[in-house]
Amino acid sequence: RSTPKPSSAASDVYKRQMLLVVVETQIAKGDPFATLDVMFKGMNEHGITPEEIDEAIDHLLTIGSLIEVDDDCFVPTA
């Protein structure tokens, strides 16, 4: 496993906010949730790596800003 490159706190916050925007945009289109596939595609369009996406998802789940409502299906809490 490769060592993650250091990132600034501001960069981490940006990635988490971008992930929430991707999820909220999918829901605004009429879907009841965003799938992992949608989240990864949306984040990849902004140059975010899979490792960074995983970290953002883990953090948002830990602090309760994102909820997994079914296998690989997520909604924001706010």
Side-chain angles (χ1 to χ4, degrees):
R1 187 171 173 174
S2 66
T3 304
K5 60 184 173 187
S7 59
S8 70
S11 176
D12 290 344
V13 170
Y14 168 79
K15 291 168 197 164
R16 294 173 199 145
Q17 289 299 317
M18 182 57 59
L19 182 61
L20 288 173
V21 168
V22 168
V23 172
E24 290 166 356
T25 299
Q26 191 64 31
I27 291 169
K29 292 178 181 178
D31 290 331
F33 50 76
T35 63
L36 269 181
D37 187 50
V38 164
M39 293 162 66
F40 272 80
K41 284 181 181 175
M43 294 292 281
N44 284 333
E45 290 175 6
H46 295 283
I48 311 297
T49 69
E51 294 81 15
E52 293 169 323
I53 298 166
D54 281 337
E55 289 172 9
I57 292 169
D58 287 346
H59 181 81
L60 292 171
L61 288 168
T62 300
I63 65 169
S65 294
L66 194 65
I67 296 173
E68 188 171 16
V69 294
D70 201 352
D71 289 342
D72 298 335
C73 300
F74 300 86
V75 296
T77 58

Rounded distance [0.5 Å steps], CG in Leu19 versus CE in Met43:
5.0 Å

Side chain to side chain, Leu60 and Phe74, heavy atoms closer than 4.5 Å
no

Measure the spacing between CZ of Arg16 and CD of Glu55 and express it to the nearest 0.5 Å.
9.0 Å

Would you mind listing every side chain to side chain donor-acceptor pair (under 3.5 Å) that reaches into residues 29-47, with sequence neighbours excluded?
Gln26-Asp31, Asp37-Lys41

Closer than 3.5 angstrom, by distance alone: can the side chain of Glu68 be matched with the main-chain N or O of Asp72 as a donor-acceptor pair?
yes

Minimum heavy-atom distance Pro76-Ile27, with the two atoms named
CD-CD1, 3.4 Å

In Å and rounded to the nearest 0.5 Å, what is the CE to CD1 distance from Met18 to Ile53?
11.5 Å

Measure from the side-chain N and O atoms of Glu52 to the backbone N and O of Thr49, and report whether any donor-acceptor pair falls under 3.5 Å.
yes

Same apolar cluster: Ile48 and Leu61, side chain cutoff 4.5 Å:
yes

Taking C-beta and beyond as the side chain, do Ser8 and Val13 meet within less than 4.5 Å on heavy atoms?
no

Single-linkage hydrophobic cluster, 4.5 Å side-chain cutoff, Ile67 and Leu36 together:
yes

Heavy atoms, side chains only, cut-off 4.5 Å: are Ile57 and Phe40 in contact?
yes

List the steps, then state whether side chain to side chain contact (heavy atoms under 4.5 Å, CB included) holds for Leu66 with Thr77.
CA-CA 6 Å; Leu66 194 65; Thr77 58; over 6 Å; no

